[in-house]
S.K.: 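I'd like to ask you about the structure that follows.
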Amino acid sequence: MKMKKKEETRIGVFICHCGTNIGGILDVPSLTEYAKTLDNVVFTQRNLYTCSETGLSAIKKGIKENNLNRVVVAACTPRTHEPLFQGICKEMGLNPYFFEFVNIREQCSWVHQMDHEKATSKARDLIRMGVARASLLEALEKHQIDVEPSALVIGGGISGMSAAEILANQGFQTIIVEKKPQLGGQLLTLHKLFPNNMDPEQILRKRDEILSNPLIKVYTSSEISSIEGYIGNFDIKIQSTEKEKGEESKQERSVKVGAIIVATGSDVLKPEGYYNYDGKRVITQKELEELLKQDQFTYQKIVMIQCVGSRIPERPYCSTICCMTAMKNARIIKKNNPETEIFILNRDIYTSGTYQEEFYRDTRKEGIIFSRYDEAHPPEVTDHSVIYYNFSQNGNIEIECDLVVLSTPLIPYPESESLSKMLKVPIDEYGFFLEAHIKLRPVDFSNDGIFVCGTCRWPGNIPESISQGYAAASRASRILKKGKFSVEGGTAWIDQDKCIQCEVCLKKCNYKAISRDEDDKVVVTAVLCKGCGACATTCPEHAIVMRHFTDNQIESQIAALLEGTTSD
Amino acid sequence: MTESKDNIEPNNKSEVKKDFEPKILGFLCNWCSYAGADLAGVSRLQYPPNIRVIRVMCSGRVDPVFVADALLKGIDGILILGCHLGDCHYGEGNYEAKANYEMLQILLKNIELEKRVELNWVSAAEGTYFSQIVSDFTENIRTMGPSPLSPKNKDFPEKSLISKMEAIKRVVSDGRIRKLVGRERSILNQGNVYEEKVDEDKYANILEEAVQTEYIRNYIYVTLKNNPSSVRDLSRKLKLASSEVLSHILVLRQRGLVNLTTIKDLSPIYIAIE
């Protein structure tokens with residue numbers, strides 16, 4: 001790191017009364033006097049409300065009149081007020097990273113209200129620690145990245161199409177890459193949609209709008225062959241299979257986009273090896289829908305078996321949609337021919353939502369019979385019947401039938417794994433994509449600029465897939481709209497003189513921010529680094545400097561704490 | 001290496017002052033536990049005022065060197081708090097914290113300081129849990145009394161204990177151990193360079209043995225730094241077989257940390273060099 005001629009460290013400490021919130025518990029005047037005695041502190045002041053207009057002007061005045069080059073505010077929590085005070089520093093020509101926050105409200109006055117003396121003593125320690133750290137703070141720059149105002153949507157199913165629609169409506173050039181010859185995904189195979197038996201074609205109209213939208217470019221029969229770059233600047237290679245006069249040819253094209261939405265969907269498990277599945281007399285729900293769609297359904301006695309290949313040790317998750325799919329199809333069959341006998345053998349029935357339970361009751365009212373089996377006694381499928389163990393009878397029951405329909409779960413496409421490697425994003429133990437945080441960031445990946453929606457994330461229904469598509473598009477447009485993306489200055493940096501190229505950090509980094517550069521040195525790409533510091537903590541040679549949370553800074557806080565100038 | 005644990009006897013039983021106010025250091029991650037502590041504040045949950053917090057972005061930033069440093073400087077207790085496993089803002093930083101903590105625990109058990117360092121998980125919504133953890137930990141430390149390394153302790157300074165703690169700090173700074181801990185999860189989950197996944201128990205054994213060996217070596221080093229000695233002196237002092245001491249001395253010599261200074265009564269005297 002470049003070092004300018006070292007200038008004198010001049011720290012100003014501003015202590016907030018926060019009305020009586022702090023001032024009513026801690027002895028603020030004595031803290032202010034105490035702060036004066038600390039090394040490098042040239043100015044101290046207490047304010048009634050430091051974050052008020054008056055308080056902020058007082059800081060500005062303090063910086064100007066005393067030539068301060070470090071500012072310490074002892075007040076509330078950095079989680080809410082740090083940007084405000086950093087902004088004031090910036091306004092006064094001071095690097096915002098020269099600001100240090102000491103929390104004496106949330107973590108002191110508010111939680112130690114019974115013992116004013118000990119609380120004040122703690123505040124003294126905290127201020128001393130903050131001042132020690134402030135002396136060692138370094139100026140840092142936020143990195144600004146230009147953002148290409150366009151997006152790539154991988155997958156042209158309902159979720160991907162919904163995302164593309166929103167992005168294009170906001171004026172962003174959007175590219176859809178679909179591996180099949182046409183857009184639509186699983187919708188193309190469905191007969192009618194739950195719960196109102198809507199024709200999928202009605203939703204598929206979206207496809208025509210998308211194809212005619214000048215801002216959306218669609219590549220079908222295409223796959224992603226490589227992804228390089230980072231947020232704002234992804235370089236994508238798309239490989240398309242093109243057919244011309246019966247001749248197949250491969251074509252590769254490169255595009256540049258600012259954000260990526262992953263909407264690759266999921267497949268339906270083909271239950272090879274389960275219950276004598278043969279695709280003819282023993283079929284899946286998806287195959288049943290194809291029969292219904294082609295109006296080729298002629299069966300009289302039907303047994304449906306739920307949770308085939310799901311909620312078992314090798315695939316423990318619930319696919320969430322199969323219960324309603326089975327009921328939807330059973331009711332359609334029953335409506336077409338009320339004489340049909342339908343049994344739904346299940347382990348549990350999952351009816352989450354406001355109308356699902358009612359739908360279940362109505363299904364039962366229509367004479368469709370539900371009966372339970374358990375995992376330990378799976379039903380047996382013979383060539384003319386299904387035999388299952390019935391709890392209440394404590395014995396086996398045989399149901400004659402001419403068709404067995406297996407409800408199988410949605411499963412991730414195997415290609416998810418190679419795509420996840422290209423995108424440098426995680427997949428879970430089953431192969432579904434893993435979002436950054438299940439509650440706080442449900443459609444983001446931990447890597448900036450990449451989002452996820454639809455059933456490639458986990459099994460879901462159409463409304464869920466659509467709303468996730470909208471959500472992902474809205475998250476992406478936040479970045480695309482700004483045109484710039486700024487990255488925190490508190491990033492890791494590798495001292496090449498100390499680095500032994502062991503690559504422990506390279507494997508450790510969750511953001512793939514550490515890599516080998518063209519000179520084969522191990523380096524941090526600052527715009528990718530999120531500043532967690534895990535690399536620095538495990539570096540065998542202590543070669544990694546975690547900026548803004550350096551070893552020196554943290555050790556100075558520890559040393560200041562244990563200086564023990566306060567006796568408590 | 002189990003026998004070494006008995007050899008290095010802890011500094012025990014200092015008189016607990018009734019008015020003893022322990023000094024506790026908290027490392028809190030910005031996203032979960034620090035937010036949980038803020039919530040405790042907003043909710044006005046009262047807890048003992050002994051804890052002083054250092055905010056880090058992730059519990060994975062808490063270098064075991066920081067912990068060893070604070071213990072050496074006489075802190076009475078250290079609380080490291082992160083997001084719950086699986087909830088880390090950075091994905092897996094808290095697993096790093098856990099790996100480092102477990103390694104440090106092996107070392108601290110040698111001098112019975114392990115209970116003075118605690119790792120726990122607090123979410124941003126768990127203000128009550130935060131205040132409870134801090135209260136319980138503070139009371140535990142109060143019952144234990146001042147750290148044997150604290151200036152408040154009446155037996156202070158106990159020289160051999162300081163040397164042992166210095167040795168521990170050297171072990172956690174040491175590249176070999178850091179590499180071993182740093183690779184723990186990739187070795188367990190993805191396999192080593194030969195793509196062999198290492199069994200968790202096997203890894204734990206390897207780590208324990210490596211850590212304890214380095215501890216003895218660094219203790220020898222620190223002892224020699226204070227007092228140039230012969231193998232026999234060291235063997236008596238550390239209650240280790242001469243052959244074992246000698247093998248450690250040889251390793252330390254290879255690393256350029258120990259040298260022969262003179263020969264006294266036919267015994268070579270070794271000295272630590274930096």
S.K.: To the nearest 0.5 Å, tell me how far A/Thr77 OG1 sits from B/Asn30 CG.
M.R.: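 So the gap between those two atoms works out to 8.0 Å.
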S.K.: Can you tell if the side chain of A/Ile554 reaches within under 4.5 Å of the side chain of B/Val56, non-hydrogen atoms only?
M.R.: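 A side-chain contact under 4.5 Å exists here.
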S.K.: Side chain, backbone, both or neither: which part of B/Ala35 has a heavy atom under 4.5 Å from chain A?
M.R.: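 When you check distances to chain A, atoms from both the backbone and side chain of B/Ala35 fall under 4.5 Å.
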S.K.: So do B/Val65 and A/Asp551 actually touch side chain to side chain, heavy atoms under 4.5 Å?
M.R.: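 Result no, sub-4.5 Å side-chain heavy-atom pair not found.
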S.K.: Is the CD atom of B/Glu139 crowded by more than 12 outside heavy atoms at less than 6.0 Å?
M.R.: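 More than 12 heavy atoms, drawn from other residues, nucleotides or ligands, come within 6.0 Å of this atom.
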S.K.: Can you see which heavy atom on A/Tyr511 is nearest to which on B/Tyr90, and at what distance?
M.R.: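 Closest heavy-atom pair between A/Tyr511 and B/Tyr90: OH-CA, 3.1 Å.
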S.K.: In this structure, are over 12 heavy atoms from other groups packed under 6.0 Å from B/Lys73 atom NZ?
M.R.: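 Yes, NZ of B/Lys73 has more than 12 neighbouring heavy atoms, counting only those of other groups under 6.0 Å.
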S.K.: Side chain, backbone, both or neither: which part of B/Leu45 has a heavy atom under 4.5 Å from chain A?
M.R.: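 Contact with chain A is through the backbone of B/Leu45 alone.
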S.K.: Select, from A/Pro78, A/Cys108, A/Cys502, the one with the greatest count of heavy-atom pairs under 4.5 Å involving chain B.
M.R.: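 Top option by heavy-atom pairs under 4.5 Å: A/Pro78.
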S.K.: Below 4.5 Å from any heavy atom of chain A, which atoms of B/Val181 appear? Answer side chain, backbone, both or neither.
M.R.: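 B/Val181 touches chain A through backbone heavy atoms alone.
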S.K.: Out of B/Cys58, B/Ser59, B/Pro64, which residue meets the side-chain contact (heavy atoms from CB on, under 4.5 Å) rule with A/Thr537?
M.R.: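 When side-chain contact (heavy atoms from CB on, under 4.5 Å) is applied between A/Thr537 and each of B/Cys58, B/Ser59, B/Pro64, only B/Pro64 qualifies.
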S.K.: In terms of heavy-atom pairs under 4.5 Å with chain A, which of B/Arg176, B/Arg183, B/His89 leads?
M.R.: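 Ranked by contacts with chain A, first place is B/Arg183.
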S.K.: Please report the interatomic distance CD(A/Gln107) to CZ(B/Phe130), rounded to the nearest 0.5 Å.
M.R.: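 Spacing of CD (A/Gln107) from CZ (B/Phe130) equals 6.0 Å.
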S.K.: So, do B/Tyr47 and A/His112 sit near enough that their side-chain heavy atoms are less than 4.5 Å apart?
M.R.: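 In short, these two side chains touch, coming nearer than 4.5 Å.
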S.K.: To the nearest 0.5 Å, what is the distance between CD1 on B/Ile54 and CD on A/Gln553?
M.R.: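 So the CD1 of B/Ile54 and the CD of A/Gln553 are separated by 11.5 Å.
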S.K.: With heavy-atom distances below 4.5 Å as the criterion, would you say the side chains of A/Leu562 and B/Leu25 are in contact?
M.R.: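 Of all side-chain heavy-atom pairs linking B/Leu25 with A/Leu562, none is under 4.5 Å.
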S.K.: Below 4.5 Å from any heavy atom of chain A, which atoms of B/Ile51 appear? Answer side chain, backbone, both or neither.
M.R.: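 Both backbone and side chain of B/Ile51 come within 4.5 Å of chain A.
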S.K.: Determine whether B/Arg178 and A/His542 make a side-chain contact, defined as any pair of heavy atoms from C-beta on separated by less than 4.5 Å.
M.R.: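 B/Arg178 vs A/His542: side chains touch.
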S.K.: In terms of heavy-atom pairs under 4.5 Å with chain A, which of B/Lys179, B/Glu96, B/Arg61 leads?
M.R.: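 Winner by heavy-atom pair count: B/Arg61.
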S.K.: At a heavy-atom separation under 4.5 Å, does B/Asn100 approach chain A through its side chain, its backbone, both, or neither?
M.R.: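 Answer is side chain: those atoms of B/Asn100 sit under 4.5 Å from chain A.
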S.K.: Go through the atoms of A/Lys530 and report whether side chain, backbone, both or neither lie under 4.5 Å from a heavy atom of chain B.
M.R.: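 Both parts, heavy atoms under 4.5 Å.
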S.K.: With a 4.5 angstrom heavy-atom cut-off, could you sort out which part of B/Ser131 is near chain A: side chain, backbone, both or neither?
M.R.: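 Nothing of B/Ser131, per the 4.5 Å heavy-atom cut-off to chain A.
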S.K.: Is there side-chain contact between B/Ile75 and A/Ile558, with heavy atoms separated by less than 4.5 Å?
M.R.: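 The answer is no; the side chains never approach within 4.5 Å.
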S.K.: Other residues, nucleotides and ligands only: do more than 12 of their heavy atoms fall within 6.0 Å of CD on A/Gln496?
M.R.: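 Enclosed: over 12 neighbouring heavy atoms sit under 6.0 Å from CD of A/Gln496.
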S.K.: Enter the distance from B/Arg55:CZ to A/Arg133:CZ here, rounded to the nearest 0.5 Å.
M.R.: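 One finds 7.5 Å between CZ of B/Arg55 and CZ of A/Arg133.
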S.K.: Pick one of side chain, backbone, both or neither for B/Glu92, based on which atoms fall under 4.5 Å of a heavy atom in chain A.
M.R.: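 Both backbone and side chain.
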S.K.: Specify which of B/Gly93, B/Gly74, B/Ser173 makes the most heavy-atom pairs with chain A at under 4.5 Å.
M.R.: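 Counting heavy-atom pairs under 4.5 Å, the top option is B/Ser173.
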S.K.: Can you tell me which of A/Cys532, A/Ala536, A/Cys76, A/Ser109 forms the most heavy-atom pairs within a distance under 4.5 Å of chain B?
M.R.: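 Most heavy-atom pairs within the cutoff with chain B belong to A/Cys532.
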S.K.: Please flag which part of B/Tyr34 lies under 4.5 Å from any non-hydrogen atom of chain A: side chain, backbone, both or neither.
M.R.: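 Both backbone and side chain.
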S.K.: Most heavy-atom pairs under 4.5 angstrom with chain B, which of A/Gly490, A/Pro426, A/Cys539, A/Gly130?
M.R.: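 Top option by heavy-atom pairs under 4.5 Å: A/Cys539.
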S.K.: I'd like to know which of B/Asp38, B/Asp63, B/Val53, B/Asp174 tops the heavy-atom pair count under 4.5 Å against chain A.
M.R.: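 Looking at each option in turn, the highest pair count goes to B/Asp38.
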S.K.: Which one wins on heavy-atom pair count under 4.5 Å against chain B: A/Leu126, A/Asn510, A/Thr80?
M.R.: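 Ranked by contacts with chain B, first place is A/Asn510.
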S.K.: Between B/Arg52 (side chain) and A/Asp125 (backbone), is there a donor-acceptor pair under 3.5 Å?
M.R.: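 Absent.
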S.K.: So, does A/Glu106 use its side chain to make a donor-acceptor pair with the main chain of B/Ala37 at under 3.5 Å?
M.R.: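 No; judged by distance alone, with no hydrogens or angles, the pair does not exist.
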S.K.: Using non-hydrogen atoms only, which part of A/Ile500 is less than 4.5 Å away from chain B: side chain, backbone, both, or neither?
M.R.: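 Only the side chain of A/Ile500 comes within 4.5 Å of chain B.
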